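Hydrogens, waters and symmetry mates play no part in the numbers below; they use all other heavy atoms, side chains included. Numbering of ligands and ligand atoms starts at 1, following listing order. None of the values given here were measured: they were computed from a predicted structure.
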Amino acid sequence: MSQPKQATVRTCANIALAKYWGKSDVTLNLPAVPSISMTLSPMFTTTTVTLMAGLDRDELILGGKPALPKETARATALLDRIRARAGVTLKARIESTNEFPTASGLASSASGFAALAAAATLACGLKLDLNQASADARQASASAARSLFGGYVELPAGAPGDSSLAATQLAPASHWDLRIVVAVTAEGRKAVLSTDGMTHTRDTSPYYAAWVNTAPAIADQVRAGILARKLEQVGPAMEHSTLAFHACAMAAAPAVIYMRPATLAALSTVRRLRDDDHISVWATMDAGPHVKALCSATDADRVSQALLKTEGVLRTIVASPGPGVEIL
Ligand code: DP6
């Protein structure tokens with residue numbers, strides 16, 4: 001192929017309403033449980049992949065700075081699979097910028113690897129097939145499989161060996177105009193990366209099997225609630241999913257604890273809004289200290305104001321259902 005080849009794409013972060021935690025196949029990075037997410041606008045990652053002669057290894061620039069060797073190695077593994085399919089041998093320069101804090105529990109790896117899978121596919125001269133790009137992204141980071149699609153997205157659990165597992169769109173962004181109010185409680189990188197946290201949980205938590213057995217029924221509730229647009233069904237199931245996975249991680253030895261004092265303060269704000277002010281709002285947390293509150297578009301301002309007044313909450317981001325991958 002002619003060189004250099006370049007492509008730029010934009011993807012949104014996503015927040016799992018039904019959580020993925022645990023792998024059924026570590027080599028293929030297959031999730032042990034189904035997960036369901038909302039793709040979040042305006043939390044974007046923009047990634048440019050340029051294939052260049054003269055590079056002896058891939059270069060990854062995150063937010064203008066060279067990435068850690070571990071991060072670059074993960075990007076190279078994803079690029080290698082796409083290059084092999086395309087018959088390309090050139091190394092790549094990857095430039096990626098996030099419009100939200102990197103590695104702080106705001107799923108930047110999800111939008112990052114989704115954008116990389118799509119941009120690398122195009123830079124290698126292949127047609128962008130969303131199902132294939134989602135499977136490629138999933139092998140790098142399972143939550144990334146969901147960020148290729150807009151709106152509400154499901155990644156099923158994977159049977160060991162199922163290398164083609166990809167996410168699918170449950171409903172487009174226009175299906176339901178919900179809001180996620182992100183209460184940012186810390187800047188900087190999280191202490192235990194999700195991959196390490198889930199491996200350690202599987203190996204040492206006595207509650208791991210219980211979590212894996214329970215998660216599908218919780219995902220069923222989330223899916224049915226989304227399809228029927230019933231916040232009163234999605235919200236409680238979403239909170240159950242997050243607290244069940246955090247409890248499972250906390251029971252690992254030694255414990256994996258992502259919550260901080262501000263996390264608990266924000267959680268109790270959400271409970272107060274619900275119990276005292278009768279606002280339909282529920283909370284979820286990922287592998288970090290932030291709290292994400294799910295509510296209607298009408299209630300988002302009130303929820304955001306209450307979270308901003310909460311001790312330890314630094315700022316809020318109000319996110320809406322966002323689009324799938326966009327080629328720039
Ligand atoms: C808590 O997708 O980051 O955010 O596949 O090992 O890269 P790897 O894990 P990752 O895990 C995300 C976990 C979560 C829940 C979720 O997004 O479903």
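In terms of N/O distances under 3.5 Å, ligand 1 is approached by Ser194. Of the polar atoms of Trp21, none of the N or O atoms is found under 3.5 Å from an N or O of ligand 1, judged by distance alone. Residue Ala142 places at least one N or O, backbone or side chain, under 3.5 Å from an N or O of ligand 1. The shortest N or O to N or O distance between Ser35 and ligand 1 is not under 3.5 Å.
In Ser109, the part holding a heavy atom less than 4.0 Å from any atom of ligand 1 is the side chain. With a 4.0 Å cut-off on non-hydrogen atoms, Asn29 touches ligand 1 through its side chain and not its backbone. Residue contacts with ligand 1 for Arg74 involve side-chain atoms from C-beta outward but no N, CA, C or O (heavy atoms, distance under 4.0 Å).
Between the side chain of Thr201 and the backbone N or O of Gly197, at least one donor-acceptor pair lies under 3.5 Å. Listed for the Ser304 side chain is no donor-acceptor partner under 3.5 Å among the backbone atoms of Ala300.
Residue-ligand proximity, Lys23 to ligand 1, at heavy-atom distances under 4.0 Å covers atoms 5 (O), 6 (O), 8 (P). Taking every non-hydrogen atom of Thr195 and a distance limit under 4.0 Å, the qualifying atoms of ligand 1 come out as 6 (O), 7 (O), 8 (P). Listed by atom number, the atoms of ligand 1 under 4.0 Å from Met198 heavy atoms are 9 (O), 11 (O). Atoms of ligand 1 lying under 4.0 Å from at least one heavy atom of Phe245, given by number and element, are 1 (C). Near Ala16, meaning under 4.0 Å from one of its heavy atoms, ligand 1 places the atoms 16 (C), 17 (O), 18 (O).
Just one of Thr316, Asp286, Thr284 meets the side chain to side chain donor-acceptor pair (under 3.5 Å) condition when paired with Lys292; it is Asp286.
Considering Phe113, Tyr258, Tyr20 only, the shortest heavy-atom separation from atom 13 (C) of ligand 1 involves Tyr20.
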Given side chain to side chain contact (heavy atoms under 4.5 Å, CB included), test Thr195 with Arg74 step by step and report yes or no. CA-CA 12 Å; Thr195 309; Arg74 236 167 142 175; 3.4 Å; yes
Please evaluate residues Asp277 and Arg272 with respect to the criterion side chain to side chain contact (heavy atoms under 4.5 Å, CB included), reporting the C-alpha separation (whole Å), side-chain torsions for both, the decisive distance (0.1 Å), and the verdict. CA-CA 7 Å; Asp277 300 348; Arg272 182 179 51 72; 3.8 Å; yes
Take Asp136 and Ser134, measure what side chain to side chain donor-acceptor pair (under 3.5 Å) needs, and give me the verdict at the end. CA-CA 5 Å; Asp136 287 334; Ser134 174; over 6 Å; no
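His240 NE2: 12 or fewer foreign heavy atoms inside a 6.0 Å radius.
Heavy-atom separations between Arg146 and ligand 1 include at least one value shorter than 4.0 Å. Residue contacts with ligand 1 do not include Met285, since none of its heavy atoms lies under 4.0 Å from the ligand.
For Glu232 and Ser280, the side-chain atoms include at least one donor-acceptor pair closer than 3.5 Å.
Between Trp211 and Phe245, the ring-plane angle classifies as tilted under the 30° and 60° cut-offs. Under the 30°/60° scheme for interplanar angles, the aromatic rings of Tyr152 and Trp176 are found to be tilted.
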